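As the structure is a prediction and not an experimental result, all values here were calculated from the model.
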Amino acid sequence: MWVILGVIAIIATFINLYMYGIGKDYKLAMASGLSFSALTLVAEYSMVSDWVKVEDWSALLDVVPTMETALWVLTILSILLNITPILLELKSKN
C-alpha cells in the first residue's frame with residue numbers, strides 16, 4: 001500500500017510543479033502531494049507495526065534501518081519540492 005501512496009505522492013508533486021510552471025493554480029496539487037506523502041509514512045509505519053505484532057524480527061532488522069534513512073530523505077525532498085512554488089512566488093514578489 002505504501003508504494004502506491006508513494007507513487008501518487010510523486011505524481012501529485014510533479015503536477016504541482018507543472019501547474020506552477022504553466023501559471024495555473026497549484027495549491028490543490030501541493031496539498032495532495034503533501035497529504036499523500038503523509039499517508040505513505042503512515043502506511044509504512046502500519047507495515048512495521050504488523051511485523052512487530054507477529055514478531056517478525058528478521059523483517060524488522062532487514063528493512064527498518066534502511067527505510068528510516070530513505071523515509072527521512074524522501075519526506076524532506078517532498079516537502080521542499082511541494083513548497084518550491086510558494087517560495088518562488090515570494091521571491092518574485094520582492
Side-chain angles (χ1 to χ4, degrees):
M1 182 60 132
W2 67 269
V3 174
I4 295 168
L5 292 170
V7 169
I8 294 170
I10 292 168
I11 291 169
T13 299
F14 282 113
I15 291 172
N16 172 22
L17 296 172
Y18 174 75
M19 296 293 278
Y20 173 76
I22 63 171
K24 302 268 183 171
D25 186 24
Y26 59 87
K27 292 179 178 102
L28 179 61
M30 178 182 63
S32 297
L34 291 171
S35 297
F36 278 103
S37 294
L39 290 172
T40 302
L41 292 173
V42 173
E44 177 71 23
Y45 189 85
S46 293
M47 181 181 70
V48 170
S49 176
D50 290 341
W51 289 342
V52 169
K53 288 175 189 172
V54 297
E55 299 181 6
D56 190 353
W57 307 122
S58 61
L60 290 166
L61 289 170
D62 287 343
V63 175
V64 171
T66 304
M67 287 305 293
E68 176 197 10
T69 304
L71 290 173
W72 272 107
V73 170
L74 293 173
T75 301
I76 292 167
L77 187 61
S78 174
I79 292 168
L80 291 175
L81 286 174
N82 276 295
I83 65 168
T84 296
I86 290 176
L87 298 175
L88 292 173
E89 275 187 1
L90 290 173
K91 184 178 178 183
S92 67
K93 287 181 181 178
N94 291 332

Between [atom1] on residue [X] and [atom2] on residue [Y], distance to nearest 0.5 Å:
{"X": "L81", "Y": "L77", "atom1": "CG", "atom2": "CG", "answer": "4.5 Å"}
{"X": "L41", "Y": "F36", "atom1": "CG", "atom2": "CZ", "answer": "13.5 Å"}
{"X": "T40", "Y": "I10", "atom1": "OG1", "atom2": "CD1", "answer": "8.0 Å"}
{"X": "L71", "Y": "S78", "atom1": "CG", "atom2": "OG", "answer": "11.5 Å"}
{"X": "L34", "Y": "L39", "atom1": "CG", "atom2": "CG", "answer": "11.0 Å"}
{"X": "I79", "Y": "T13", "atom1": "CD1", "atom2": "OG1", "answer": "10.5 Å"}

State whether the number of non-hydrogen atoms from other residues, nucleotides or ligands found under 6.0 Å of M1 atom CE is greater than 12. no

Just by modelled atom types, is the G33 backbone N or O under 3.5 Å from a matching donor or acceptor in the S37 side chain? yes

Contact check, side chains of W51 and V63, non-hydrogen atoms, under 4.5 Å: yes

Between V7 and F14, is there shared hydrophobic-cluster membership here, with clusters defined by ILVMFWY side-chain heavy atoms closer than 4.5 Å? no

Single-linkage hydrophobic cluster L88~I86, side-chain heavy atoms < 4.5 angstrom: yes

Are S58 and D56 close enough that a side-chain donor and a side-chain acceptor fall under 3.5 Å? yes

Would you list the atom pairs, donor with acceptor, under 3.5 Å between side chains in residues 23-32 and any protein atom, with sequence neighbours excluded?
from : atom 1 : to  : atom 2 : distance (Å)
Y26  : OH     : E89 : OE1    : 3.2
Y26  : OH     : E89 : OE2    : 3.3
S32  : OG     : L28 : O      : 2.9

L74: which residues meet the side chain to side chain contact (heavy atoms under 4.5 Å, CB included) condition with it, sequence neighbours left out? none

How would you list all residue pairs meeting side-chain hydrogen bond (donor to acceptor under 3.5 Å, both in side chains) that involve residues 65-77, not counting sequence neighbours? none

Identify the heavy atoms of L60 and P65 that sit nearest to each other, and give their distance. O-CD, 3.5 Å

